[in-house]
Structure formats: C-alpha cells, structure tokens
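Working notes, beginning with the structure itself.
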Amino acid sequence: MLSQYMKKFEGFEYVLENIETYSSAGRRYKNNLPWSADAVALREEWLRVGRCVRLLGDENAKESVMAIGHALMQLHDIHNTLESLRHGEVMSEVDLFEIKNLCQQVACVRQSAVALNMEDVLSVPDVQDVFRLLDPDSTGVVSFYVYDSYDSRLSEIRKQLKKLRMQADSDSSGELVGYVAQEQQIQAEVLHRLSDSLRDDAERLLLALSQMAYIDVLWAKARLACDWHLTMPLVSESKSALRGLYNPSLRHHKEQQGLRYQPVDVEIGPGVTLVTGTNMGGKTVLLKTLAVAQMMAQYGMWVPAESAQLVLVDDVVLCVGDEQNELRGLSSFAAEMTQISSLISQSRSQRLMVLIDEPARTTNPKEGRVLAEAIANVLQQRSSLTVITTHYSLGSVVSKRYRVRGFDETIGHVAVSVQTINQFMDYSLVLDTVAEPPQEAIRIASLLGCDKELLEMVACVNNNR
Amino acid sequence: MFITDILQYRSLAVVGLAKNTGKTVTLNYILRGLHDRKKKCLVTSIGVDGEQQDSVYATSKPEITLYEGMRLVTSEVHYNHRQLLSEIVATSEWHTAMGRLVTANVLQRGQVILSGPATTERLRQIIAAQRDDASISCTIIDGALSRLSLASPTVTEAMVLATGAAVSPSLPQLISKTRFVFNLINLDVVDSWLVDCLSGITSGVWAIDNQNQLHDLELPSVFLLSQMGDKLFEYGNRFYVPGAVTDRLLKSLTNSRRPAQLIVRDFTKLFITPEVYAAFCGMGGSVQVLQRSRLIAVTLNPTSPQGYTLNSEKACMAMSEALGIPVYDVKQCEKQD
C-alpha cells in the first residue's frame, strides 16, 4: 500500500489534476484510486487503457465515445441515496428520479460498449428492470412522478382534483382538501412500495454507479495517455528500465516558457544505484520523476517515457528534505534520519522504491559521509530498488553508479549566466566506475559570475591544499 | 392588461418595492394571464421569499398558482410540499440548504412555494438553459424582498414593479417614493460605443476625457474619492463606476461643486437615497447606465397591512400620471377580466 503522504507530493498531484473526469462520481473514484502491486491486475488495467487510447484515435468510434462522455456528464453521484435505499429508507420522488436517471445513463454506456465491441472493458450491470419499474407507462423518457398506473385509485382522485381546481371557488375547498389528502396518502404508499421493491436492487445500483465512476476515470486515463504521449509499461522482475523518461509538470512548465526539456534514460535494479553529478544537474528532479512514473504505473496509468519496464514495488519512499517535517518542529537532519530509519525497517518486509536525495548533507561532511555510506551499505542488501544521489565519494559496494553528464559549454547559444546556465546542462546519465564524484562546483561558481574577491580566495585556498 | 407586453421578452422579474405590496398577487395575475393565452413559461425565484418566514420550514401555505404545461424550478424541500401534480425532468447535482434544485413540468394546476437558486449567477444559467427550449416562451422570476439586484438587466430583460399602500399610506409619499425608484430604473443609457468600451471593466473608478480616453483613477476604494480634491477632475467631469454607488460617493461629487456625469452599470448598482440624489442633480450632476431593464408595468396594492385602504382608481390614476406609464391594481383587473 502506498504511503498516504506520497499522493500529496506535487509531481503526482499534477498528474491527478490532469485526469479530467466528467462526473463527480468519477472525481470521487479518482481521489481514491486503488494502488496495486499485482502484476496481472496492472497489466490488465494498462491494456484496458490501451484499448480506450486506440478508440480515441478512431474516427468510426467517435460517436459512441462521445455518447459515453455525454452519459457520464449526466451522471449524478447518488451514492448516499443508494446507501439509504439499501438501509431501508423510503425514497422521495426526487430520489427515484435520480435512480431512473442513473439507469438511463447506464443503459447508454452499455449500448455504446456494444457498439464499440468493448463490453468486457466497459462492463456495467444491467439495470433496465429498475428503469422499467420507474417507467410504468414505457415512455422511455427520464422524468418521474407518481404515475397513475402505480395505483388504481389515483386516476379517479386526480380527475376529481382537476375538476375542483378548475372551479377554484371557496365552496369546494373542503372537498379539495379531502382529495389532496387522499392523493398524498396514496402517493406516500406508492413511494413506500417502490422503495421496498427496489431495496434488493440497491447493491446492483451501487455497483453500477461505481462501475460508471471507474469507466469515467478509465477514459480520463486514456485521454491523458494521448495528450501526454505516455507509454504502456511492461512488468519486469529484474530491473526497471526507462528510456526517454520525463517529468510531466516540469516538462510542461518548461515548454510553456519555450525552453527545451531533456528526457533521460535510466536503469535501476535491486540494491543501490548511486547518482553523482554537478549541482543543478537535475538529480533531485530525477528522483521525483522516478517516483511519479512508478506511482502512475501502479495506479494503472501509462507512464511518461518512450519505453518503460518496471519492477513493481509495495511502496514508494521519496526522501528529498521537504518542509513538512520542518513544520513539525524537527530539524532537517532529525527529520531525514527519522524517515530513513523507518524506511530501512519497512524494507525488511516489503520491496520498496527508495529515493533519497543527498543523505546526511546537512551535517558535518566527515560524519555525513560515514552515515551516507552506511545507509547505502544497508540498502544494498535489500531487494528494494534504491536510488541515492550524493556529493560524497562513497566507498560502498553498490549495484550501479551514474554520473550526470553535466555542464557543457558547447550546448547553449547564449552567454552563461545564472538565468541561462540550465541551457548548458546535459542531464543525461552516464555509467561511472570510480567512486569519486565530479569536481565542478568551483567551475560552475565562477561561470555563474560570483564576486571576484571570492573567486580569487577560492583559488588561493585551493592552492594551499 | 400588460400580459401581451410580457410576451415580447424572454425573461421577467417581478419585484416588490416593500413588504405587502402585492407581489404575489401580481405574479399570480401574470401567470393566469399567460395560461389564458396558452403560453408556457418557466417560473422560479431567487432564494426564498423572506416575506414568508415559515417557508424555510415548508410549513407555510404555498401561494403561487401554476398551470398545466408550465415549468418550475424550486428546492427539494418545497418540491416535496407542493400542492400540484408535476413531473420531475431534471435535478441539480449540487445541494443547497434546502436540498437539490428540482425542475419539473406541471401536469395539473396547483400551488407551490418557489425557492430557486440563491445567486444571480445560477439564475442566469437557468434562464440561459431555457433559451434553447422553444416551448418555453418566458422565464419569470419571483423576486425576493429587498433583492432588487435580480431585476438587473444582466439577469432579466424586463421587470414588473409592485408598489402599494404598504410603502406609505399617504398617496403623495407613496408616489414620490415609487417615482424615485422608477426614475432610477429608467435612467438614460449611454451611447452604444461607450457601452462596448466600458462593459468589460468591472472594478475601480474611471474618468473619461473629452477625447473619450479612459483613465484609471487608481483609487484603492471609492471611499477615498473625497480626498482627491481637484485632482479628481484632471481628465474632465465624466466618471464610470462599475461597482456599487452609495450616498457617500454621490455626496463627495456634490461637494466638489462641479456638475459631474456619472456612469454606472445599471440601476441595481445604486444604493442611494432620494435626498442625496436630488442634491447631486441640483448641482448639475447626472447618472447614466450601460444597460436598462424594460419596466413593463407598475402594479399598485391600495391596501396596507394595517388595514388602511387607498381609493384604488384614484391612486392608480395619480400614480400613472406621475410616472407616465399605466399603473394597475391587479385585484381590480381580475374582476374586470
């Protein structure tokens, strides 16, 4: 089960915001999306998304796809009404109208599913019998009142009422009141009767509603896959390999500003993958992006990459020094250690995706290095997939070392400055064999145009070493 | 009498100048008139009429009579207590304090309490939705007391104003109070190019110079108008205030001792008293609007709740003379019909 706090992390919230459902029932389903680590179930869900994706691009399917969208827009979230029906409450006319409307929209989706040859994917229970009960005159229209045909006495009483109301003089008002009372009495009886006979259907109606909500989200996932050019992941037991991986929110943000976004290729297996590299090299972004991709996949979505094979995990733990803990009054070091300690114990029983950004960076470098190395050593023993970014040169034996290629003066077309330095970054990852992280901090500081006195002093200190 | 006039408009608000001015009687008169002419309309209200305290608890007697073929929009609570036969055709998904909004077609005449959406925005949506339905010739809105804002031309095209002895038992006073509101409703509309120019501006205080250029006076609040002194007239004496205009604003313009030309969106933005308005006009000032409601008729209820009764015929005549439009006592009209 995914930790609750991960859903709130901004990169994934952006994804959820862009799953645009048509109905409030769909919205409710989206906010409680089921997390899965079951390879079979996930593969099925990704395939269902895929079938919807194909239909979205199919001109012949357009009409039926639109009919489903229209039905979902008409759908009201009457979960509470159906729950009270199930618990024996008497439905009002308004409630019965809502139930009738649900039946109508279900019928519409079922019909479109047949037309699209998608009955297996868009499966909703048949509730036509309920519709027929609420449409005794077989008008086929979604409207409702206590029809005359529900009770033999109604038509005569209403005939009398009509006559009296046309006259509308004070002499007949006593008679009128009498008939009104009778009509209301019978209407109440009818509502009682209808509620009784619908009680056993409540479960099926609830299921229909939740299936409609699921279908709403399924199409929304498919639309997202088309709009964002997502890819269907494959499940792997040995390693996660992502080519052309990108971070949706960051990419869209950059592209809106007319800037280039560079996707990366990355492979991670069980044990520890170390990522070193220059500042501003996108190491933290890489961790967040891995988290987003993994979460999207395990929530049954396609992933933001050109191709992706993924090891499924029980939980994703992202440790990037967020402000949440600081608000709780913990120092950044204490918050970090608490989180790492708990993930290490969690990793004893579960396979996790662990993403740690520069562990122990806020303490003194000597002890910090020791701590970071120890963390890497412990996690290397686990089946969890761990990615650790660091500036320390760690001596740990790890599964893999990556280095961000980093600063390259030949890429950009403008002068290097604080504003433009990102354009000179090559974010791609290269395999590294040495433990020593790249020494680029001083060079970048000077490229950023730091104060002369400071830079001269840096050179001086460096020489004295 | 004025029913045929109503049919020229797609939407109408029925508004009372005070409690017990016969708004409900007027509305019922209109609805019967429309029914007699076989016209279908949609009827709703803005919120609940405050006049019926009990209506919130649905214990009061429904007073609005609707006829076969009409459509109504009211809250769930009041729908369940209706005394007419009707068929639900739509519900809102959102809930108000009184449940969902229910739209229903009347199958057999009877009475209902109307409690439509509480905001003009939702009301506008309802009116807009009916526009596509050719079977509905007009949307009629029962205006809650002291909610003249719904008579805004941005909501309904036309209005009927109910006045009566409840406003004042003295005929001259009643006429003077009614005429004041009548004059505001009928304020002149500015040139159409200015309407186009100003409609999009929804806040601030603006000056319009002789070259018809707009200048934002950049006042953080209209209350600071009085502190501007002569700087206020830097660009001339024409001003546009899209927000609410109060006595205080008018007073500061009057105190500047220059004739100011004030432009407001519509009369519902004016929260001013007759005395202050008179002083403003006396200084040579004038008020114009971007949009005007068409006032179709004024109805007069000669009876005050205290039991005092004006002479209906005399009162209507005098009011009609003062306003220059027909004034009806609908109870008398009903007898004649």
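Convention: sequence-line order gives letters A, B, ...; per-chain numbering from 1.
For A:Gln111, the CD atom counts as loosely surrounded, since its 6.0 Å shell holds 12 or fewer non-hydrogen atoms of other residues, nucleotides or ligands. By the 6.0 Å contact criterion, NZ on A:Lys30 is enclosed, its count of non-hydrogen atoms from other residues, nucleotides or ligands being greater than 12. Crowding of A:Glu63 atom CD: a count of heavy atoms from other residues, nucleotides or ligands under 6.0 Å not exceeding 12. Crowding of A:Met66 atom CE: a count of heavy atoms from other residues, nucleotides or ligands under 6.0 Å not exceeding 12. Environment of NE2 in A:His192: sparse, with no more than 12 heavy atoms of neighbouring residues, nucleotides or ligands closer than 6.0 Å. Around atom CD of B:Glu313, no more than 12 heavy atoms belonging to other residues, nucleotides or ligands sit under 6.0 Å away.
Between A:Arg165 and B:Leu85 the shortest heavy-atom distance is NH1-N, 4.5 Å. Nearest heavy atom pair, residue A:His76 against residue B:Glu93, reads CA-OE2, 3.2 Å.
We find the CG-CD distance between A:Leu161 and B:Gln83 to be 10.0 Å, quoted to the nearest 0.5 Å. For the atom pair OH (A:Tyr147) and CG (B:Leu107), the distance works out to 9.0 Å, reported to the nearest 0.5 Å.
Of the two parts of A:Asp77, the backbone and the side chain both hold a non-hydrogen atom closer than 4.5 Å to a non-hydrogen atom of chain B. Neither the backbone nor the side chain of A:Leu154 comes within contact range of chain B, judged by heavy atoms closer than 4.5 Å. In this structure, the portion of B:Ser92 lying under 4.5 Å from any heavy atom of chain A is its backbone and not its side chain.
Most heavy-atom pairs under 4.5 Å with chain B: of the set A:Arg158, A:Lys100, A:Gln74, this distinction falls to A:Arg158.
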*side-chain contact (heavy atoms from CB on, under 4.5 Å) evaluation trace for B:Val89 with A:Ser143*: CA-CA 5 Å; B:Val89 292; A:Ser143 60; 4.0 Å; yes
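Residues from residues 66-76 of chain B that place a non-hydrogen atom less than 4.5 Å from a non-hydrogen atom of chain A comprise B:Glu68, B:Glu76, given in numerical order. Contacts from residues 90-98 of chain A to chain B, taken as heavy-atom pairs separated by less than 4.5 Å, involve A:Ser92, A:Glu93, A:Val94, A:Asp95, A:Phe97, A:Glu98 in sequence order.
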